[in-house]
Structure formats: C-alpha cells, structure tokens
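Notes for the one structure printed next.
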Amino acid sequence: MISLHMQCGCADLALAQFKQMKERDIVSWNSLIAGYNQHGLDMEALTTFSCMLQDSVLQPDKFTLASILSACANLEKLELGKQIHAHIVRAELGTYDAVKNALITMYAKSGGLAIAQKILEQCATSDLNVIAFTALLHGYIKLGDIMPARQIFDSLRDRDVVAWTAMIVGYVQNGLNNDALELFMSMIKQGPKPNSYTLAAMLSVSSSLASLDYGKQIHASAMRSGEVHSVSVSNALISMYSKAGSIGGARKVFNLIYFNRDTVSWTSMIIALAQHGHGEDAIELFEKMLSHGIKPDHITYVGVLSACIHVGLVEQGRSYYNLMTNVHKIEPTHSHYACMIDLLGRAGLLQEAFNFIQSLPVEPDVIAWGSLLSCCKVHKNVDLAKDAAERLLLIDPDNSGAYSALANLYSACGRWEEAAQVRRSMKNKGVKKEQGFSWIQIQNKVHVFGVDDGVHTQKEAIYKMMEKIWKEIKNMGFVPDTDSVLHDVGEEVKEKMLKHHSEKLAIAFGLINTPENTTLRIMKNLRVCNDCHSAIKFISKLVGREIILRDATRFHHFKNGKCSCRDYW
DNA sequence: GTAGGGTTAG
C-alpha cells in the first residue's frame, strides 16, 4: 500500500498509511524510504532512515542501503556515504550487485570518482555491469572529462537506453551539441529506442540551436513513441518552442498538459512569455500558479522578475522580490540580484541600481556589474559606466563586453578620443571584440551573416534588395539612426554601414528566399541596435510580414510597423 | 510486497 501511494506520487498518503501501522517491518520502512528517494525527496529519505535506526530494532538491509546511498549521491553527501560504506563492509552486504552499484554511484556523484573507479576495479570481471559503468561515465561527465566518459561508453558491451542517454546528455551539458546530435542519430540507427529522458535532452539541443524545424522533428518522434505524455518531454517542448521563436507553439503544449503541470511546466511557460515580451501575461500566469497552490522555486522568480524587466514594471518587480524572500523564503541568488539591477537600471534608476549592488551581502560578480554597465549605455551615463566597467575588469580583465560597451558609449556621445583610447587599451591587452552576427534557417540550412562581410553567395542580390528596401522605408518616414554607428565617419558612410548590419542582411536574404507572407525568424548573438530596431518595424509594414528577431536577451516580434517590446528593451 | 545508472527551467 505504501509503495502504491508512492508510485502515484502521493508521499503524504504513504506517510499517513505508514503512521497508522502498528507493526512496521523492514519492508514498510524500505518502501517509504525508496519512495522518497525516487521522488527526489532525498532529505526526507535520510530523516526517515535515522528514525528507523532510533525507533526500531530493525537493521537496514540491502534494499534500505541501496536507497540511502542513492539519496546520499543526489545530495552529494560524501561523508555520510562513507559511513554507510563502512557499515556495509561490517554487515557484509557489499556482495549484492544493487548495493555495489549504489555505492559506486554515490562516490561518482559526490566527488569521490577515484574511489568509485577503485571499487569497480576490485570487482571480479564477471559481475561488472552496465549500471556501474554508467554511473562512472556520469561521474566523468560531471567533471567535464568527456574523453574518458566516451571511452567507457565505447567499451560497454550491453549499452542500454540509459547509457546512451547519459552519454548524449554529457555532450549537451558540456556544450557539444553536434556530438550529441551525431550520437543521437546513430542511436536511432543502431541503438535502443529513445525514451522520455533522451527526447527531453535532444529537445534542449534544439533549444540551444534555436532550430524550430529540428525541434518539430523531435516533437513528432515523441508523439510516435508516446513519450510526449511525459511531463519532462512536455516541459522541454515548451522551452524549445519558445526559444525557437514560436510562443504559440509553447502555449499549445502548455494548454495541452492542463491536468499534468508541475513547477517546471509553469516556470517554463512564465519564462517563455517573459522572453517574448508578454510581461503582463507572464505575471498573470504566475498569479494563477500561486492560486493553484503550486509552489514557485528560485527559477520561477527569475522568470517573474525578467517579465517585470522587459515591460518596465519596477514597483511590481520590487514587490515580487520581497514576496520571494519574505513569504516564500527563497534565498536570492546572483541571478536574482542581476534581475533587480537590470530592472532598476533599465528604467533609468541608475543610482539606485548602483546602491543596490553596494548593499549586496556577497561580492558582486561580473554579471552584476555587466548589467549596470549595459543600463548605463542605454541611458548614456558615462561616469557611472566608467566606474562599473573598471570594477568589472578588476574581476575579469579579459572581458571584451566591458571594453566594447564603454567604447561604444563614448562613441555614441561623440567622445571619439576617449572611445579610441578604450579600443587601444583593449588591443594592447590582446582582448578580442565579440563580433556580431545573425542567422536564419531556411529549409534545414542555417545561413550566417556577419557585419558587412559579404561572403554569402547571394551577396549581390541581398545588397540590391537592401538598397531597395532602404529607399522605400525612408519614403515611409524612416530616419536612419546614425548615432548607432560607432565610428567617426561622414553621414553618408554611416548610412552605408547601417544598411549592412547583420540582422538586416539576414532579413533581406529571408525576403528573397521565402514565399510571400511567411514569417521570418532571425537570431542574433548580440543585442539589436537602435537603427535596426527602427528599420525592421518599417520593413514589417512595407512587406506585410511578421519578423521575429531573437537577440541576446529576448524576442522582438515585428508586425505592421510595431514591435512587441513597445520599444522598451 | 521493497532496490541500483540517465531529464526538463535562467
């Protein structure tokens, strides 16, 4: 009965049942502990374990210890794990496979990889199994050692779906998306059938590639295999659609799982809405989440605060920050601090943002100073920007963003000499500037455009298209924002440089190569400049198309001369 | 009757 409740995810019911029992045998204790462990309630598993040791004469058996070791592994409690290990040796329970595997996992996960390896080597060759090796493989991946992990994977004879997934996830977590993709392909060809874990991981690959086509393919295969009903796959789908620029797709999935939403589902949808500039909707959804009695976690609050940032709701942001710390008792992290700095700074309350940084109970990090710096850039506050940049460079001397932001700000204010000075010192220190580029995917092929690099095969046609658009939008009232040009050159040259910004080239290319009325989805690695933002609004009206641009921080939906961000970004 | 390796959010 206890395990039945646990399997339904009703830990409370299981506990009530357990408390009712007059006589508790080892199986009832084990069921409760294992249930907690399987539902991620590892702290509860450990407390139950110590109750068992105190309240009863029962001795833990191999089932108890396997679960407890797993809890230690998840909580990375190496010391406690070692004590359990000692007990296992004394009680001579170390011969059971499940216990051995749990032991190796515990060491691999909680920072004792060398011990894990040693135990594995001591096992006779006969009973080495895929579970222990997968745990070891995962241990290497956690340390970022991909090579030994891959070696283990290659040497495994009976690779099952978990081993394949562990290796794929390992690539994803270490930013090796292409390797993940490649391995997934060969899994399809010759490996076991992917399950919900595999598909969720591959959806996160599609998210970081921001490839809607690819994500849709994974969605289709999840539908075919029935894994689409898993909450984790649904949650990963929400993020994938959002990051690929389709807020509608994200909404559809979220609505579809009405009866099956967890904290991650709500959080993913809130973040999706925030990223797409639907700040009010994000907040409304958050309130709905609270009224449904779903507990927000620290990431939910990152989403809520960034929703407030994107629409400039300063007061509301402040009150949510207080709600988080005072009511939900969530300790703010660096991300929350960065959100608050952004919230205040974006709204022009630069001094207040600066004071906020000064009042932090921890050393401010690169992100904190970087947020303040970019806000100073938006509001053209040179003095504070200089201060922020200097402090940032103390922590990270090679931060190209800090140099660029400061140099650009000087340029924008016409202080060419100081701008040149910053660029010189950047050059002297060997710091390389991050180049801006944009890309667009058309029929499974990604086309990348740098600033005016002119390498594309359709260069002539693209430039010609841009020339035509430029003339027409100027007739519509578009005024080029030559302040966005960060070089001291004549007005005419400035205009030419603006015309060839990477996002504009990507749009011109998209217009040439897609049928009329198709939505264009452009991605950019840096934040969109003022001139491009203004130009794209006109272009969307001129060509009667929706243009979706994802820049470094958010999405802009341009339609009929307007942008979803309402020009606040 | 109970157990062991792998997800998803900024």
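Reminder, nothing fancy here: chain letters follow the sequence lines and each chain counts from 1.
In this structure, A/N37 reaches the B/dG4 phosphate: one of its side-chain N or O atoms is under 4.0 Å from OP1 or OP2. For the OP1/OP2 pair of B/dG4 and a distance below 4.0 Å, the side-chain nitrogens and oxygens of A/S67 include no atom meeting the criterion. Put simply, A/K62 has no side-chain N or O that comes within less than 4.0 Å of OP1 or OP2 on B/dT2. For B/dG6, the OP1/OP2 oxygens have a side-chain nitrogen or oxygen of A/H138 closer than 4.0 Å. Between A/Q38 and B/dA3 there is a side-chain N or O to OP1 or OP2 distance below 4.0 Å.
When rounded to the nearest whole Å, the span between CG of A/L199 and C1' of B/dT8 equals 12 Å. Atoms CD1 (A/I119) and P (B/dG4) sit 18 Å apart, rounded to a whole Å. Following rounding to the nearest Å, A/R261 (CZ) and B/dA9 (P) show an atom-to-atom distance of 18 Å. Distance A/N174 CG to B/dG6 P: 16 Å, rounded to the nearest Å. Protein atom CD1 of A/I84 is 15 Å distant from nucleotide atom C1' of B/dG4, rounded to whole Å. Between the C1' atom of B/dG6 and the OH atom of A/Y171 lies a distance of 15 Å, rounded to the nearest Å. Nucleotide B/dT7 holds its C1' atom 13 Å from the CD1 atom of A/I141, rounded to whole Å. Rounded to whole Å, atom C1' of B/dT7 lies 9 Å from atom CD of A/Q173.
The base of B/dG6 is paired with the side chain of A/N195 by a donor and an acceptor separated by under 3.5 Å. Evaluation of atom-type donor-acceptor distances gives a pair under 3.5 Å for the side chain of A/S232 against the base of B/dT7. Interface remark: the A/D160 side chain does form a donor-acceptor pair with the B/dG5 base, using a distance-only criterion of under 3.5 Å.
Residue A/A34 is classed as a sugar-phosphate contact, given heavy-atom separations below 4.0 Å to backbone atoms only. Counting any heavy atom pair closer than 4.0 Å across all strands shown, A/K142 reaches no nucleic acid atom. Residue A/E227 is classed as having no contact, given no heavy-atom separation below 4.0 Å to the nucleic acid.
Distance from the side chain of A/K109 is smallest for B/dG5 among the nucleotides B/dA3, B/dG5, B/dT7. Checking B/dA9, B/dG6, B/dG1 against the side-chain heavy atoms of A/D25 singles out B/dG1 as nearest. Of the candidate nucleotides B/dG6, B/dG4, B/dG5, B/dG6 has the atom lying nearest to any side-chain atom of A/T165. Checked against B/dT8, B/dA3, B/dA9, the side chain of A/F63 finds its nearest nucleotide in B/dA3. Here B/dG6 is the nucleotide among B/dG5, B/dA9, B/dG6 with the atom lying nearest to any side-chain atom of A/Y197. Checking B/dA9, B/dG5, B/dG6 against every side-chain atom of A/V169, the shortest atom distance belongs to B/dG6. For A/A166, whose side chain is taken as the heavy atoms from C-beta onward, the closest listed nucleotide among B/dG5, B/dG6, B/dG4 is B/dG6. Picking from B/dT7, B/dG1, B/dG4 the nucleotide with the shortest atom distance to the side chain of A/A200 gives B/dT7. For A/I299, taking side-chain heavy atoms from C-beta onward, the closest of the listed nucleotides B/dG1, B/dG5, B/dA9 is B/dA9.
For the residue pair A/T198 / A/T165, a side-chain donor-acceptor distance below 3.5 Å is found, with atom types taken as modelled. Side-chain contact of A/T263 with A/D297: a donor-acceptor pair under 3.5 Å is absent, judged by distance alone.
Taking the six-membered ring where the residue is Trp, the centroids of A/F18 and A/W29 are separated by under 6.0 Å.
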> Could you walk me through whether A/N235 and A/S268 pass the side chain to side chain donor-acceptor pair (under 3.5 Å) check?
Replying inline: CA-CA 7 Å; A/N235 294 345; A/S268 306; 5.3 Å; no
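A side chain to side chain contact (heavy atoms under 4.5 Å, CB included) with A/I270 holds for exactly one of A/I299, A/V302, A/L285; it is A/L285. The only option from A/I33, A/N37, A/L65 that meets the side chain to side chain contact (heavy atoms under 4.5 Å, CB included) definition with A/S70 turns out to be A/N37.
Residues meeting the ring pair (Phe, Tyr, Trp, His ring centres under 6.0 Å) test with A/H298, sequence neighbours left out: none.
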